[in-house]
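One structure is given below, encoded as structure tokens.
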There are 2 protein chains.
Amino acid sequence: MVAKRAGVSRQTVSNAANAPHLLRPETLQKVLGTIDELGYRPSHAARALRTRSTRVIGCRLLPSNYGGTGGVLDRLLHALCDAARSKGYDVLTFSVGTDDEEIGVFEDLLRRGAVDGFVLTNTHHGDVRPNWLLAEGARFVAFGRPWGRDQAAHSWVDVDGASGTRQAVEHLSALGHARVAYLGLPEGNGVGDDRYRGWHDAMAALGAPTKGLVARAEDGIASGRAMADQLLALPIQPTAFVCQSDTMALGAIRAIEDRGLRPGEDISVVGFDDSPVASLWRPRLSSVRQPIEAVAQKLVEVLLAELSGLQRKPSRDLLEPWLVARESSRRAPGRADRVSIPDVPVRVATAKTRFSN
Amino acid sequence: MVAKRAGVSRQTVSNAANAPHLLRPETLQKVLGTIDELGYRPSHAARALRTRSTRVIGCRLLPSNYGGTGGVLDRLLHALCDAARSKGYDVLTFSVGTDDEEIGVFEDLLRRGAVDGFVLTNTHHGDVRPNWLLAEGARFVAFGRPWGRDQAAHSWVDVDGASGTRQAVEHLSALGHARVAYLGLPEGNGVGDDRYRGWHDAMAALGAPTKGLVARAEDGIASGRAMADQLLALPIQPTAFVCQSDTMALGAIRAIEDRGLRPGEDISVVGFDDSPVASLWRPRLSSVRQPIEAVAQKLVEVLLAELSGLQRKPSRDLLEPWLVARESSRRAPGRADRVSIPDVPVRVATAKTRFSN
DNA sequence: TTCGCCAATATGAACGATCAAGTCACCTCT
DNA sequence: AGAGGTGACTTGATCGTTCATATTGGCGAA
């Protein structure tokens with residue numbers, strides 16, 4: 001340890017970095033001086049060996065366009081790296097095909113002591129990963145609620161999807177739309193059910209009909225197109241679509257065009273996740289945007305709390321998404337005079353709602 | 001070290017893992033048996049401390065839609081993680097805004113001994129990072145040639161962009177297109193000039209005119225649209241566009257539509273990078289796809305060779321991209337009878353060309 | 001028999017940090 | 001004056017490996 005050239009002991013140098021209050025101000029100055037004079041940084045390996053903590057967080061890398069999430073997880077990874085580094089942590093990534101393989105990597109990384117904890121993404125019904133991690137006593141936070149299980153079993157951070165679709169309905173309603181249809185995933189998917197619920201409750205709250213205005217099927221442009229086409233074939237067409245993904249929304253736009261109608265002008269469409277295509281498509285797609293940067297910060301914050309051991313109970317955080325309004329959602333044609341609901345301003349700031357703790 | 005319960009010494013266990021040939025087959029069996037009976041994995045930290053090698057590779061995370069690369073770097077990161085893990089390495093990511101910040105992170109990670117080497121992405125003219133790394137004696141490989149400097153200064157792996165645009169021209173020519181225009185970045189960008197050269201040389205080789213068929217400006221849909229519009233205003237319109245990015249290609253499609261023409265049918269368009277939108281757009285966009293998985297494998301291979309110290313000279317590898325033909329590029333209208341060039345089959349396999357070493 | 005050599009395994013030291021306990025001077029209280 | 005406490009450091013041990021070097025036993029050749 002070269003920094004001992006400051007004329008003090010190893011431990012004093014160590015303290016200068018980790019517990020400055022133990023040093024006399026003048027010694028502290030002297031030590032800190034020689035530290036950055038020599039460009040010294042404590043060895044990651046040695047510190048990890050001694051303290052049994054690596055200051056590294058593991059995170060699975062999911063395919064970019066995974067499940068129609070449209071780059072949400074990419075943004076998350078970026079934000080996660082930033083948030084982690086600002087707290088002195090690094091992020092180690094790995095790419096696996098299945099949850100079981102992911103558990104294999106968890107085991108490897110934990111046994112070798114290569115990471116302190118994990119950020120879990122893409123939680124879903126029947127997810128085996130939380131069970132495994134809990135059984136191993138590993139530290140982790142999930143991005144996504146523990147769908148279909150005890151919400152208090154472990155810490156998680158999630159975005160309120162129901163609020164997102166609710167905002168979309170309110171936005172459309174304010175634009176004079178009464179028949180707002182919903183395109184989503186089939187029942188049984190946590191995220192899908194959540195978003196569906198938001199649409200349904202918002203419609204009910206407005207006293208608007210919901211019956212016959214729902215189509216649910218797998219994600220994808222083709223799927224969205226087929227679902228929208230089916231609803232557009234109804235005697236009384238919907239005047240707007242709220243979709244659970246941007247891909248479905250793009251499909252809806254196609255279906256609208258197929259019938260010679262103008263998306264945005266004749267029939268409005270709102271997507272979800274604000275993927276890169278949303279602002280590239282014509283008409284530019286209105287979409288619900290998740291506060292990913294805030295999610296990442298929260299994830300790191302919660303994980304560090306878990307790692308510190310001070311955290312007793314698992315924490316739960318639900319963050320608010322917001323609507324980005326573009327040309328695909330506009331005033332309902334011929335309805336300008338029949339608006340009965342006062343305009344609801346579209347929220348543009350990142351509002352947070354905090355649960356528990 | 002619990003595995004000593006096999007009744008042998010630490011070192012023997014160590015050898016079982018690192019130098020099995022030193023052990024008598026029966027001892028090896030016994031040791032390996034207890035190793036996985038106890039689920040033992042060598043401590044990352046201790047090994048790193050002793051051997052001064054962490055088996056971790058650092059890699060900067062670039063924004064998903066960085067510079068119109070349309071997800072290429074995301075694919076690279078995935079492939080990199082896979083390739084690294086298959087060799088017993090892990091990937092540590094960080095997200096920074098500028099090259100200088102990146103150097104800051106390099107310094108931090110190297111000084112702390114948190115990584116063995118780096119993969120450099122997005123190399124460009126006047127890039128200061130290679131200089132810094134070389135001066136520090138750090139190990140690294142670049143994805144991208146050292147534009148505008150000595151190509152032998154350090155190891156790199158790149159994709160032959162000129163070959164990509166050449167393939168695009170040959171493809172269009174085979175479809176009967178004679179006036180194939182080019183939309184690209186302004187002169188001075190390495191990648192841009194490379195792709196331009198491919199178009200230019202291929203056109204020249206076919207004896208086709210190039211003059212007045214070029215527009216070069218910044219990347220983006222709007223930019224591509226404006227450039228294409230300008231060329232479409234010529235007395236004799238081009239019948240096809242080869243673009244240096246998918247975003248520019250989408251712009252070209254817009255410009256074609258603006259004039260009431262049908263992209264793909266009246267005028268063909270080929271993009272570059274095969275970004276996710278390419279197959280989502282209507283018409284689906286033909287695009288040149290980079291062999292990113294092969295690039296990642298090569299990067300890891302080369303970096304490990306550098307790390308092993310056996311590598312004497314920097315290595316240079318140029319890989320071949322291939323064209324993915326879709327509906328945006330079709331037979332030139334009214335030219336079916338005037339095809340003078342024999343059909344060139346579109347390559348669909350990942351061919352590699354190897355330079356040096 | 002004796003020596004040397006090799007193969008197989010064991011032992012001590014080191015990597016660079018932190019923890020826990022120790023030293024030492026100085027100060028306060030009785 | 002002595003006991004006790006406290007602030008500001010220092011010292012020895014330790015984390016779990018691998019390196020370098022030792023030890024051991026067996027075997028072949030002189």
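First the proteins, then the strands, lettered A, B, ... as listed; each starts at 1.
- Going from atom CZ of R111(A) over to atom C1' of dG16(D) covers 16 Å, rounded to whole Å.
- Every residue meeting the side chain to side chain contact (heavy atoms under 4.5 Å, CB included) condition with A83(A), not counting sequence neighbours, appears here in chain and number order: Q297(A), V300(A).
- For the OP1/OP2 pair of dG16(D) and a distance below 4.0 Å, the side-chain nitrogens and oxygens of R52(A) include at least one atom meeting the criterion.
- For F106(A), the ring-ring contact (aromatic ring centres under 6.0 Å, His included) test picks out F118(A), with sequence neighbours left out.
- Applying the side chain to side chain contact (heavy atoms under 4.5 Å, CB included) rule to T123(B) yields the partners D127(B), R129(B), A142(B), W147(B); only residues at least two apart in sequence or on another chain are considered.
- The shortest heavy-atom contact between D160(A) and R145(A) is CA-NH2, 4.2 Å.
- The distance between atom NE2 of H44(B) and atom P of dA17(C), rounded to the nearest whole Å, is 15 Å.
- Under the rule for a salt bridge (charged side-chain N to carboxylate O under 4.0 Å, His left out), the partners of E107(B) that lie at least two apart in sequence or sit in another chain are R111(B).
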Distances under 3.5 Å between protein N/O atoms and the N/O atoms of nucleotides 19-21 of chain D, please, pair by pair.
{"residue": "dC19(D)", "atom": "O4'", "partner": "R50(B)", "partner atom": "NH2", "Å": "3.2"}
{"residue": "dC19(D)", "atom": "N4", "partner": "Q11(B)", "partner atom": "OE1", "Å": "2.6"}

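- Every residue two or more places apart in sequence or in another chain that forms a side chain to side chain contact (heavy atoms under 4.5 Å, CB included) with R24(A) is listed here: E26(A), T27(A).
- Among the heavy atoms of the strands, none lies under 4.0 Å from R112(B).
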Polar pairs (N or O, both sides) under 3.5 Å between protein and nucleotides 6-9 of chain C?
{"residue": "dT9(C)", "atom": "OP1", "partner": "T27(B)", "partner atom": "OG1", "Å": "2.6"}
{"residue": "dT9(C)", "atom": "OP2", "partner": "R24(B)", "partner atom": "N", "Å": "3.1"}
{"residue": "dT9(C)", "atom": "OP2", "partner": "T27(B)", "partner atom": "OG1", "Å": "3.3"}

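- Taking both residues in full, the closest heavy atoms of S95(A) and H78(B) are given as OG-ND1, 3.6 Å, listed atom of the first, atom of the second, then distance.
- For the helix from dT1(C)-dA30(D) to dT30(C)-dA1(D), the terminal axes (five pairs an end, C1' atoms, rotation from four pairs onto the next four) enclose an angle of 60°, given to 10 degrees.
- Ionic pairing of R85(A) and D90(A) is present here: one or more N-O contacts between side-chain nitrogen and carboxylate oxygen are shorter than 4.0 angstrom.
- Across the protein-nucleic acid pair, L49(A) atom CG and dA13(D) atom C1' stand 13 Å apart, rounded to whole Å.
- In this structure A16(B) satisfies the side chain to side chain contact (heavy atoms under 4.5 Å, CB included) test together with L23(B), L28(B), V31(B), L32(B), sequence neighbours excluded.
- Proximity of a side-chain donor or acceptor of T34(A) to a complementary backbone N or O of E37(A) within less than 3.5 Å is not detected.
- Scored by the side-chain hydrogen bond (donor to acceptor under 3.5 Å, both in side chains) test, D99(B) finds R60(B), H124(B) as partners (sequence neighbours excluded).
- Under the ring-ring contact (aromatic ring centres under 6.0 Å, His included) criterion, F140(B) pairs with H154(B), not counting sequence neighbours.
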Protein N or O to nucleotides 22-27 of chain D N or O, pairs below 3.5 Å:
none

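- Look at K87(B) and D82(B) and you find no salt bridge, because none of the NZ, NE, NH1 or NH2 atoms lies under 4.0 Å from a carboxylate O.
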